[in-house]
Number of protein chains: 2
Amino acid sequence: MSTHAAARVAAPTRREQILREAARLFAERGFHGVGVDEIGAAVGISGPGLYRHFPGKDAMLAELLVGISERLLDGGRLRVSEDASRGDGSPEALLDALIEGHIDFALDDRPLITLHDRELDRLRDTDRKRVRRLQREYVEVWVGVVRALYPGLPENEARVTVHAVFGLLNSTPHLARPEARPGREATAALLHRLARGAFAAAVDPSRAVVVDPS
Amino acid sequence: MSTHAAARVAAPTRREQILREAARLFAERGFHGVGVDEIGAAVGISGPGLYRHFPGKDAMLAELLVGISERLLDGGRLRVSEDASRGDGSPEALLDALIEGHIDFALDDRPLITLHDRELDRLRDTDRKRVRRLQREYVEVWVGVVRALYPGLPENEARVTVHAVFGLLNSTPHLARPEARPGREATAALLHRLARGAFAAAVDPSRAVVVDPS
DNA sequence: CAGGGTCGTTAGCGCTCGTTAACCTGAGGG
DNA sequence: CCCTCAGGTTAACGAGCGCTAACGACCCTG
């Protein structure tokens, strides 16, 4: 998480610029809805100049999607291993850490989150399989933690629940007016509560009713 | 003009066939990723024959998105008015009814749900504004019910929560292997629990204004 | 049987898109 | 001073797209 800020010290290379703008444009208008000339214009060069950096338009999307999926999976695995290496690791705290990490990603890299579940089918077979595998492994990391916390939850229900919580956490990019929502930290805290509430309700319906906290 | 009555029960009309297949294809490969020839082939005619039924490819997408949005909004409003006309209407039961209706939609019309939040930006300005308005009104229906049930929840947090729950309920189309999840009714019940759990958790426990459960 | 409407067909036009080809320029090294 | 090479440029090509034009088969109805 602190590494994220540190990596931004140096000026972004041209490749990174291109990927950044391509992600934004793809998220806004869809992969097929953006032309290479537009991507070039967004970074100050024009059209075919992109081919000095990428073998083709497909390759940009592929690199974006593989990158996202790897970052998510690596982050998830890192948190699991941190929790395991810490003596007092608890499933509760670990699930919170996973949720926290995913929320950071959803709030800070909105175009990528959008692309991640929207443009997967535009990839060539080999890339799509690779991304699918990374996504599946990321889900399995969550499923493992959720089932450690709620042993009574059947595996297929846990998987559906994890998918549903992803949908919940990834919902912010779809908000029409981003200025109409609470600040970043308040939104993050709210999403975190919602996710925990959903997980709690997955196993125990009685927790789905509001109770007096006092 | 053909007979209206005959089309009610009998085989779907050609227009409906086209819309159905177009929805499936658009959801699978994106609006720009599907050609008119493919849509035609999917209903047994070929290419330009579609123009006997629609003025253009855009019009198919527009009719699909407007139709979805209207169906959702009408369903929501219907349930609210039913609840109001029933003497014993309670926000609890009303929210359950809204959730139920949305789940039915998400499970039974998966391509439409996918299109609904994915291809909106491919519409012409006038159609897009119309769909946006319908979607916004649908959200407001939910927000009203949620705030009636949880008066302590601020309006902007309620709105984010409703969006998040939509993301949760709409997550099933993204499941890679639909056969790996529980049956329809079990999935519906699970999603219902998750949604209720998320709403219950929306109210920050430390700030909760608790309504008398009598 | 004539005539029109409906619902198709095929051919092809015009445009846009991703990509390639050929050329240019400025910086660094021997 | 020349050569190389990275990183651009513009021109243009070929494919694929949405859509139109022109035509035809079929089914009514009078």
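A note on names: the letters A, B, ... follow the listed sequences, proteins ahead of strands, and every chain is numbered from 1. Excluded from the calculations below are hydrogen atoms, water molecules and symmetry mates; all remaining heavy atoms, backbone and side chain alike, are included.
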Rounded distance (Å) that lies between atom C1' of D:dA6 and atom CZ of A:R15
15 Å
Distance in Å, B:L25 CG paired with B:I39 CD1, rounded so as to fall on 0.5 Å steps
6.5 Å
Are any of the side-chain nitrogens in B:D104 or B:R184 under 4.0 Å away from the carboxylate oxygens of its partner?
yes
B:E16 side chain to B:T13 backbone, donor-acceptor under 3.5 Å:
yes
Residues of residues 119-127 of chain A with a heavy atom under 4.0 Å from any atom of DNA chain D, listed by number, are none
Just so I know, are the side chains of A:E137 and A:R133 near enough to count as touching, which here means a heavy-atom distance under 4.5 Å?
yes
Classify every nucleotide of nucleotides 8-23 of chain C by which part a protein heavy atom approaches to under 4.0 Å, writing B for the base, S for the sugar-phosphate alone and - for neither, in 5'-to-3' order.
BBBB------SBB-BB
Under a 4.0 Å N-O cut-off, is there an ion pair linking B:D125 with B:R128?
yes
Classify the ring geometry between B:F166 and B:Y138 as parallel (under 30°), tilted (30 to 60°) or perpendicular (over 60°).
parallel
Value rounded to 0.5 Å, distance of CZ in B:R181 from CD in A:E157
13.0 Å
Could you go through residues 46-56 of chain A and list every donor-acceptor pair under 3.5 Å that involves a side-chain atom there, pairing it with any protein atom two or more places apart or in another chain?
none

